[in-house]
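Heads up: the structure comes next, in structure tokens.
All values below were derived from every heavy atom in this structure, side-chain atoms included, with hydrogens, water molecules and symmetry-related copies excluded.
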Amino acid sequence: MNEYNPHEIEPRIQLQWEEAGLNAVDEHSDKPKKYVLEMLPYPSGDIHMGHVSNYTYGDVVARYSRMRGFNVLHPMGWDAFGLPAENAAIKHHSHPARWTYDNIDTQRDSFKRMGFSYDWDRTISACDPEYYHWGQWIFLKFWERGLVERKNNPVNWCPGCETVLANEQVIQGRCWRCDSEVERRDLTQWYFKITEYAQELLDDLDQLDGWPERVKQQQANWIGRSEGANVDFELVGTDGQPTGEMITVFTTRADTLFGCSFFVLAPEYAGLADLVKGTEYEGPVMDLVEASKKVSSVQRAQGDHEKHGQFTGRYVINPANGEQVPIWVADYVVADYGTGAVMAVPCGDQRDFEFARKYSLPIIPIILPEDDPQYQQLKDMQDRQVTSVEWPEAFAAEGVLVQSGPYTGLRGGKGSEGEAAIVAALEEAGKGKRTVEFRLRDWLISRQRYWGNPIPAIHCSQCGVVPVPEEDLPVRLPEDIDLAAGETLATHEGFVRCTCPVCGGAAKRETDTMDTFTCSSWYYMRYTDPHNDDAPFDPKKANYWMPVDQYIGGIEHAILHLLYSRFFTKVLRDMGLLGFGEPFTNLLCQGMVLDAHGEVMSKSKGNVVSPEEMIKTYGADAVRAAMLFMGPPDKEKLWNEDGLAGMSKFLNRVWRIVHDLVGRAGDETLYDPEADDANAHKLAMQMKRERHRVVGKVTEDIERNNFNTALAAIMELVNATATFLRVRPAEHRMNCQTGGPLCQDVADAIVKLMAPIAPHFADELWQTALGHAGQSVHTQPWPEYDPALAAADEVELAVQVNGKVKSRITVAADSAEADILAAAREAVSNALEGKAVIKEVVVPKRLVNLVVK
RNA sequence: GCCCGGGUGGCGGAACGGCAGACGCAGCGGACUCAAAAUCCGCCGUUCGCAAGAACGUGUGGGUUCAAAUCCCACCCCGGGCACCA
């Protein structure tokens, strides 16, 4: 037997796989398809431990699925556009493409060294014109369908990246990539109208049974659906007379309309300046507007909201009771949700309550819990008499309406009967309308950066903004650009100058590029048909492979990438290109890999563990197995090199034991047919049972992505085998008819179970120790298991008295309950002495509980 | 504040309501060795006990149950998401 030497084995086996084309697939297979995909990496350079865990999980699923007889698509590519490439190019006076392609080469080599089983013929890089061509094509189709919009809006500007950001890319007021504080700017930008799909994106979350609950919850929160009503308040003129002009508010609590004691506009409210123009209030109001602009996004994001307000001198009429209420402007109302105006009900809303307290505005109690001591006092009042009660805070829960005219006595609260009644009355009177608001905003996709997919549009002074004709795609990024010298797409004459496709006149090309998240929103479709020059993909191929059966990636994409991809899929479906509306059937969100102290690994902390170093020391198979064994994939993992050393020892142990098993299987002299005895038979049966039990357990565990317990079960089988090998030859002789095939079978099973986890290691054992030269274990079927053989004929039961284990008994697996009870009573006779058994519980194959008094 | 997770030995972690701590790491003891490494074997929750054994034990406090880490109620910590969203 030779020694296990991963450094010799791994490169050699990898070459074999490549030459045999083991991972190539096509759509013409009798086998059922399975699409296993991990989120594509950004080519940042060297791989890190997060890559190792993510892609190892995917590779186990892919390899296991192949052995289970699936036609497995398992591709890999690069999300290759993005800012780091540009920054590196500026620093080194080179081109982003060079940095990017160099990094892709580095990563690809690392992935190959890890033994990941990708079909490398299907790889894509988002920065290849062959790929981004179709991203532009999709953009044009979105445009045709009315899903592209240019609008002037306050946007998130990242001063660090010198570009705008989508809402999803702002984390606590800071840039998701560079952590700079985001500023508000008014700019005309390109948007995808994802809000048109808000309801469907929310509803279809229910279909995603294979997604973690927390991800669905996060998406639902982000979409943020609220049912309510738009209610019109009529503006009162400076002369005190109704103007006929309406200001609309959105509210989810129309039931509290009678408690509205003032009215608030956001500082950014469009008509605000006109309301106060030329009045004594103009100065103070405009001061407040200016002051609120200075509040940074980070301050806004960080709680601690001291509210500031200013009376405008104007009034509106409450449509419920005709009362005039003062209009205030306040910084606690935001412009981009609802209508930017709210009706303030201090008794039912904590923010309004605090504001009312601060500025001494009336608090009208109109909703109370029935058990409130003041309820009795207020409940019979039809007309408002009380405008203040002693409350420490607003009452926002369900209660009963009081002082609310005809609605007094009805239940109030979100979606309550009181709310329904008042909305119905408003609708009847033409003063309100039931409606739904979403928190989700349209997706801002334009970026003021070079290294991205150019937006295929042209600005013509005659024709306006027009699309680049399909046949002119792709709009290529110019290669002759000197970013270090400050050149941009906008300053690149050759890129900008063009002719208008409509009128043929001189025109200017759009110089913004698309958010990189547009590239990653459909790449998984491209893998199904990566070399198509006529279309992004052939719908037949996409519909064969899609949806992705198992998607794996980081939880940080719970909203961003996963929401955008769902949106793209739905639009492509509506275009008739896809026969399904959800791209990812099952989603596994892996937890972060942290250092041994639970800290995030970062260069600045100097605690980064290099996968390449680990491979050099222990081999890729040990790294893979150690990562899998560390814990459940969706939990955080604390990286500890001791675990890796232990895994390396385990592989060596398996190596020896498999060789030992094979040696014994062929050794005729060990198995004397005449010397066979009952004990030897029993040992063999135990071994066989363990083999079947473990294969069953490992199969179940891998199906449920419990890779850590799958590996633990394999260890149990290996331990049982070691015991079997140690005990048997010394004390027993076994019939070679039984022993030989059993040793062979156990060796087979161990090697096959290890194949998805340690693929080089298993293949080498398969080909050499097990004698299948030139044949890969990865083309073999997964080991069979027979639940009947896994079942023991004798079982040990715990015997409890009053729920505490007092003893154990061993009985035949098929024993009658009466026999079991008799044995149990016997076993704990001491504890039963002088007591009466009042209840007996028998749990088959587990325990007996005797309840005594 | 709202919505999700999570809290189990020295450590990573196992446990369809049914023997808590599988499996591994670390540690301790032994075999082999001149010795060490490697390997193999054994022990390994806490407290008391020479031992047999006993008591306690899954963040805290209650509850349901023959039986609770697991289910229910209340609370405390940790992580994540959303948030003046009307």
Side-chain angles (χ1 to χ4, degrees), chain A residues 3 171-172 212-226 228 249-254 256 264 266 300-307 330-334 336-345 348-352 354-355 396 414 437-439 555-556 558-559 591-592 596 598 626 629-632 634-647 649-650 652-653 656 697 706 708-716 718-719 722-723 726 796-808 837-852:
Chain A
E3 288 290 304
I171 316 291
Q172 305 276 303
E213 203 50 47
R214 58 177 168 155
V215 174
K216 290 192 277 186
Q217 202 69 49
Q218 276 186 43
Q219 291 213 356
N221 282 347
W222 187 260
I223 295 167
R225 185 180 195 275
S226 284
V249 299
F250 172 73
T251 179
T252 58
R253 292 295 305 277
T256 63
V264 193
R300 265 184 183 250
Q302 284 169 349
D304 188 29
H305 305 295
E306 169 72 23
K307 296 171 176 55
D331 56 4
Y332 76 95
V333 175
V334 296
D336 59 0
Y337 183 78
T339 62
V342 303
M343 59 175 228
V345 182
D349 183 284
Q350 188 59 23
R351 296 154 301 180
D352 297 342
E354 285 166 13
F355 193 80
K414 276 192 184 177
E437 271 292 326
F438 292 94
R439 211 191 68 92
I555 184 69
E556 67 275 17
I559 294 169
M592 296 247 289
F629 192 57
M630 231 158 13
D634 55 343
K635 296 272 167 57
E636 285 180 344
K637 290 157 281 271
L638 305 190
W639 179 258
N640 179 354
E641 200 173 323
D642 290 345
L644 180 52
M647 193 52 68
K649 284 203 281 192
F650 172 69
N652 276 289
R653 179 167 153 87
R656 285 188 298 272
K697 166 84 172 140
N706 291 340
N708 55 329
T709 50
L711 199 35
I714 298 174
M715 288 172 178
E716 288 177 54
V718 169
N719 291 344
T723 305
R726 190 174 67 247
E796 191 186 68
L797 304 181
V799 181
Q800 298 179 332
V801 175
N802 288 345
K804 296 207 170 206
V805 179
K806 292 290 175 189
S807 182
R808 286 160 216 290
V837 176
I838 55 172
K839 185 165 183 166
E840 296 165 328
V841 180
V842 178
V843 183
K845 303 202 168 125
R846 293 198 185 271
L847 56 71
V848 177
N849 189 13
L850 303 174
V851 186
V852 303

Expected string for nucleotides 5-15 of chain B under the B/S/- scheme (protein heavy atoms, under 4.0 Å, primed atoms plus P, OP1, OP2 as sugar-phosphate) is -------BSS-
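Closest to the side chain of A:R351, out of B:rC23, B:rA86, B:rC82, is B:rA86. In the set B:rC23, B:rC16, B:rA86, the nucleotide with an atom closest to the side chain of A:V333 is B:rA86. Of all nucleotides listed (B:rA26, B:rC40, B:rC84), B:rC84 comes nearest to the side chain of A:Y332. Closest to the side chain of A:K649, out of B:rC25, B:rA86, B:rA22, is B:rC25. Comparing B:rG24, B:rG81, B:rA86 by their nearest atom to the side chain of A:Q218 picks out B:rG81. When distances run from any side-chain atom of A:E716 to the nucleotides B:rA20, B:rC4, B:rA22, the shortest one goes to B:rA22.
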Intra- and inter-strand pairing of RNA chain B, written as dot-bracket with Watson-Crick and G-U pairs under 3.5 Å and | for the latter, reads (((((((..(((.....[....))).(((((.......))))).((((....))))..(((((..]....))))))))))))....
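Residue pairs meeting the salt bridge (charged side-chain N to carboxylate O under 4.0 Å, His left out) criterion with at least one partner in residues 213-224 of chain A, sequence neighbours excluded, are A:E213-A:K216.
In this structure, A:D634 reaches neither bases nor backbone, as no heavy-atom distance under 4.0 Å exists between it and the strands shown. Residue A:E796 is in base contact, counting any heavy-atom pair closer than 4.0 Å across all strands shown. Nucleic acid contact class of A:K216 (heavy atoms, under 4.0 Å, all strands): none.
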Dump the pairs, protein N or O against N or O of nucleotides 63-68 of chain B, anything under 3.5 Å, distances to one decimal.
residue: B:rC66; atom: O2'; partner: A:N849; partner atom: ND2; Å: 3.1
residue: B:rC66; atom: O2; partner: A:N849; partner atom: ND2; Å: 2.7

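Under the 90° criterion around 0 for the glycosidic angle, B:rG62 counts as anti.
The side-chain contact (heavy atoms from CB on, under 4.5 Å) search around A:E437 returns A:F250, A:Y337, A:R441, not counting sequence neighbours. Residues meeting the ring pair (Phe, Tyr, Trp, His ring centres under 6.0 Å) test with A:Y332, sequence neighbours left out: A:F355.
B:rA74 and B:rA26 have their P atoms separated by 44 Å, given to the nearest Å. Across B:rC85 and B:rC2, the matching P atoms stand 13 Å from one another, rounded to whole Å.
A:N849 places no side-chain N or O within donor-acceptor distance of the main-chain N or O of A:V841, the cut-off being under 3.5 Å. A donor-acceptor pair under 3.5 Å is formed between the side chain of A:D349 and the backbone N or O of A:D352.
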